[in-house]
Amino acid sequence: WKVHANAAKFERLLDEKYGRLRPFMESHPHVEVFLKNVQRKYAMGAFSPFRNGSKAPVGKTTSIMILFMMHRNGVRIDAVLLTATFLLVGLQPWALIVLVILGKWEMDRRKWKRIGGMPKKIGVVDAYYAKAID
């Protein structure tokens with residue numbers, strides 16, 4: 001009976017750990033190894049969105065001058081803000097790319113929304129001017 005109890009416990013733990021993704025994880029065990037490696041690196045601080053220490057690409061005065069010149073030359077404010085987060089705040093390039101992607105998705109989301117009660121698919125209508133008048 002202990003063997004059956006341990007097997008049931010193991011099944012229950014797998015269900016708690018993976019939930020709906022359990023069949024996928026059972027058929028692809030390499031994904032679990034990859035996720036554990038990513039979790040270990042995250043715990044060690046390898047995926048910090050901010051630069052470690054003072055490894056800035058340029059100095060603060062140089063970055064302020066770059067931002068001022070960008071502003072004077074009419075660069076869009078969103079590009080100036082993204083440059084400031086990279087130069088002054090110390091955001092990693094991958095985090096900056098994620099911010100750009102999320103911002104673009106948020107701006108385009110309003111284009112996807114249908115206006116009022118418009119149907120999802122609009123039916124084709126015959127043109128009124130295509131009929132010959134006798």
Side-chain angles (χ1 to χ4, degrees):
W1 66 270
K2 282 188 176 183
V3 173
H4 294 295
N6 285 337
K9 180 181 176 184
F10 180 72
E11 295 288 324
R12 193 171 54 250
L13 289 175
L14 283 178
D15 281 340
E16 288 176 6
K17 189 173 183 181
Y18 298 120
R20 294 179 137 186
L21 296 177
R22 183 176 169 201
F24 176 76
M25 295 302 274
E26 286 176 346
S27 61
H28 302 286
H30 58 278
V31 174
E32 183 178 7
V33 174
F34 172 74
L35 287 176
K36 284 185 179 181
N37 287 337
V38 169
Q39 288 173 347
R40 190 182 78 242
K41 287 181 182 179
Y42 178 76
M44 292 186 324
F47 292 119
S48 174
F50 299 105
R51 283 192 291 270
N52 296 334
S54 62
K55 293 192 289 185
V58 293
K60 286 197 188 281
T61 55
T62 308
S63 60
I64 290 173
M65 288 174 56
I66 291 171
L67 292 172
F68 179 71
M69 287 190 302
M70 287 174 70
H71 179 67
R72 282 294 288 252
N73 287 328
V75 177
R76 288 181 14 192
I77 192 69
D78 57 345
V80 174
L81 289 175
L82 288 172
T83 307
T85 57
F86 177 67
L87 294 175
L88 295 175
V89 177
L91 211 58
Q92 293 276 8
W94 65 266
L96 192 64
I97 291 172
V98 168
L99 277 178
V100 169
I101 290 171
L102 289 176
K104 176 76 172 144
W105 181 73
E106 183 65 30
M107 295 301 283
D108 287 345
R109 191 174 63 145
R110 62 190 172 106
K111 292 179 186 175
W112 304 331
K113 188 191 273 188
R114 287 180 276 138
I115 299 172
M118 283 187 77
K120 201 169 200 176
K121 189 171 184 179
I122 299 174
V124 179
V125 180
D126 293 332
Y128 65 91
Y129 54 82
K131 298 176 184 172
I133 300 175
D134 289 330

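Keep in mind it's a predicted model, so treat the numbers as computed, not measured.
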Minimum side-chain heavy-atom gap E106-R109 below 4.5 Å: yes

Side chain proximity check, L35 to M25, heavy atoms < 4.5 angstrom: yes

Residue pairs, two or more places apart or on separate chains, that pass side chain to side chain donor-acceptor pair (under 3.5 Å) and touch residues 83-102: none

Any pair counted as ring-ring contact (aromatic ring centres under 6.0 Å, His included), so long as it reaches residues 11-31, sequence neighbours left out: F24-H28, H28-H30

Shortest non-hydrogen contact between L87 and S63, atoms and distance: CB-CB, 3.6 Å

For K17, all residues meeting side chain to side chain donor-acceptor pair (under 3.5 Å), sequence neighbours excluded: E32

Cluster link V31 to L14, ILVMFWY, side chain under 4.5 Å: yes

Nearest-0.5 Å distance that lies between atom CG in L82 and atom CZ in R76: 9.5 Å

In one Ile/Leu/Val/Met/Phe/Trp/Tyr side-chain cluster, 4.5 Å: V89, V80: yes

Cluster check V100, M70: I/L/V/M/F/W/Y, side chain < 4.5 angstrom: yes

Same cluster (ILVMFWY, side-chain, under 4.5 Å), V75 and L99: yes

Student check: side-chain heavy atoms of L88 and I64 closer than 4.5 Å: yes

Considering all heavy atoms, the nearest F86-L91 contact: CD1-O, 3.4 Å

Distance, nearest 0.5 Å, that separates CG of N37 from CZ of R40: 4.5 Å

Co-membership, hydrophobic cluster, residues Y42 and F34, 4.5 Å side-chain: yes

Within 6.0 Å of CE in M107, more than 12 heavy atoms from elsewhere: no

